[in-house]
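The block underneath contains the structure these notes are about, expressed in structure tokens.
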Amino acid sequence: MTSDDLAAAAPPAAGPDRALLDEIERYYDAVPRAAARVEDFGPLSLFVREGAGWPYYARPALGHRGPAATAADVRRVLARQRELGLPEAFEWVAEHDPLLRAAVEEAGLAVHEHPLLVLGPQDGPAGPDEVSGAPDGVTVRVLPADDPAIARAVAVPHLAFGEPGTGVGSAGAVELAAKARELSSDGTAARLSGRIASGHTVLAAAFEDGTPLCAGQHNPVGPVTEVAGVGTLPSARRRGLGQAVTAALVAHARANGVRTVFLSAADEDVARIYRRAGFRPFATALIAEPAGPR
């Protein structure tokens, strides 16, 4: 039998579980609705934030059964984003809406791929006993809405994403204090406290001598949550702190009835960290924005 015969006889490769793809898609549609209005563009939805905070993006319209989005549809959304002074941005899962990429690229946007990993009911850490692996002297905890450390904790990922990658960087205690003051004065810390109080966000952080060195969030909607914004103070990297904070977030989610936990990693180097925490590769998250340096 030739190699061509073998290829013809082999069953087609299985794609990601469609039911789980649909579950994650419903989650992506639900999350922005707590703080945004939705503008309908047929096969696409534009989320427009109401009030202060990070702006949202456009996504495939949930449950759309008509023709797939075209470049003309994408351009209509881009024009509206420009009219509103919003970032020209689209986010979606490649395997759920495989035709959108061509339309977005034809409209002139650049598409960036990010590994999407999942922790289902049958996978990985299941409860508080799994929160382990933090270095000696480091405590990982979930912060209540009135915790005085919230501003410093939320400042950590800001600094982490300012020095991308997994190598040890320069930002440390001095930069942390300055960023915390900034996020307190511009209302970011207060908005996060409000989300914690309302149950929309859970914030966990790893502390050493009272200083947060790593922090991240999960944002539950019913039985599904996304782990997001996990970042380590650049000067404290390579100590296993991101994995410890992720384990704490997963344990909290599991203890509060969440069935499916997922996340998108910046790149494969970061994805390896999450795989060590029990997550498995599942799909590809796509972000489209104007071409140019990121």
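Only this structure's heavy atoms are used, side chains among them; waters, hydrogens and symmetry mates stay out. Model, not experiment: these values are computed from the prediction.
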Residues in salt bridge (charged side-chain N to carboxylate O under 4.0 Å, His left out) contact with [X], at least two apart in sequence or another chain:
X      : result
Arg181 : none
Glu208 : Arg239
Asp186 : none
Asp29  : Arg33

Of all pairs that satisfy ring-ring contact (aromatic ring centres under 6.0 Å, His included), the ones with a partner from residues 193-249, not counting sequence neighbours: His218-His252
Qualifying ring-ring contact (aromatic ring centres under 6.0 Å, His included) pairs with a residue from residues 146-193, counting only residues at least two apart or across chains: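 Qualifying pairs, neighbours excluded: none.
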With Glu175 via side chain to side chain donor-acceptor pair (under 3.5 Å) - residues at least two apart: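 Glu175: no side chain to side chain donor-acceptor pair (under 3.5 Å) contacts found.
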Would you be so kind as to tabulate the donor-acceptor pairs closer than 3.5 Å made by side chains of residues 67-74, with sequence neighbours excluded?
| unit_1 | atom_1 | unit_2 | atom_2 | d |
| --- | --- | --- | --- | --- |
| Thr70 | OG1 | Ala72 | N | 3.3 |
| Thr70 | OG1 | Asp73 | N | 3.2 |
| Thr70 | OG1 | Asp73 | OD2 | 3.2 |
| Asp73 | OD2 | Thr70 | N | 2.9 |

Among Phe279, Phe282, Tyr27, the one residue meeting ring-ring contact (aromatic ring centres under 6.0 Å, His included) with Phe262: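 When ring-ring contact (aromatic ring centres under 6.0 Å, His included) is applied between Phe262 and each of Phe279, Phe282, Tyr27, only Tyr27 qualifies.
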Inter- and intrachain pairs under salt bridge (Lys or Arg N to Asp or Glu O under 4.0 Å), touching residues 188-204, at least two apart: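 Sorted result for residues 188-204: empty, none.
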Report yes or no: do [X] and [Y] belong to one cluster of Ile/Leu/Val/Met/Phe/Trp/Tyr joined by side chain heavy-atom distances under 4.5 Å?
X      : Y      : value
Leu119 : Val140 : yes
Leu20  : Val93  : yes
Leu263 : Val261 : yes
Tyr274 : Val224 : no
Val250 : Leu117 : yes

Answer whether the closest heavy-atom distance between the side chains of [X] and [Y] falls below 4.5 Å.
X      : Y      : result
His96  : Pro60  : no
Leu159 : Leu176 : yes
Leu249 : Val245 : yes
Leu46  : Val38  : no
Pro234 : Val168 : no
Leu203 : Ile196 : yes
Leu286 : Phe90  : no

For the student: nearest non-hydrogen atoms of Ala30 and Val221, plus distance: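 Closest heavy-atom pair between Ala30 and Val221: CB-CG1, 4.1 Å.
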Nearest non-hydrogen partners of Ser264 and His114, listed with the distance: CB-CB, 4.5 Å
Donor-acceptor pairs are to be reported for all side-chain atoms of residues 50-58 against protein atoms at under 3.5 Å, with residues two or more places apart or in another chain.
| unit_1 | atom_1 | unit_2 | atom_2 | d |
| --- | --- | --- | --- | --- |
| Tyr56 | OH | Arg49 | NH2 | 3.1 |

Please confirm whether the backbone N or O of [Y] pairs with a side-chain atom of [X], one donor and one acceptor, at under 3.5 Å?
X      : Y      : answer
Arg275 : Val270 : no
Glu289 : Val111 : no
Glu163 : Ala171 : yes
Glu226 : Pro220 : no

Derivation and outcome, salt bridge (charged side-chain N to carboxylate O under 4.0 Å, His left out), residues Arg101 and Glu105: CA-CA 6 Å; Arg101 181 169 190 158; Glu105 289 179 333; 3.1 Å; yes
Please tabulate, for the side chains in residues 75-82, all donor-acceptor contacts under 3.5 angstrom to protein atoms that are two or more places apart in sequence or on a different chain.
| unit_1 | atom_1 | unit_2 | atom_2 | d |
| --- | --- | --- | --- | --- |
| Arg75 | NH2 | Glu106 | O | 3.3 |
| Arg80 | NE | Glu39 | OE1 | 2.8 |
| Arg80 | NE | Glu39 | OE2 | 3.4 |
| Arg80 | NH1 | Glu83 | OE1 | 3.3 |
| Arg80 | NH1 | Glu83 | OE2 | 3.1 |
| Arg80 | NH2 | Glu39 | OE2 | 2.9 |
| Gln81 | NE2 | Pro87 | O | 3.4 |
| Gln81 | NE2 | Ala89 | O | 3.1 |
| Arg82 | NH1 | Glu88 | OE1 | 3.4 |

Results of side-chain contact (heavy atoms from CB on, under 4.5 Å) for Ala61 - residues two or more places apart only: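 Only Ser45, His64 meet the side-chain contact (heavy atoms from CB on, under 4.5 Å) criterion with Ala61.
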Derivation of the side-chain contact (heavy atoms from CB on, under 4.5 Å) call for Leu213 and Leu241: CA-CA 8 Å; Leu213 300 181; Leu241 299 173; 3.7 Å; yes
Lys/Arg cation over aromatic Tyr28: Arg59, 6.0 Å, 45° cone: yes
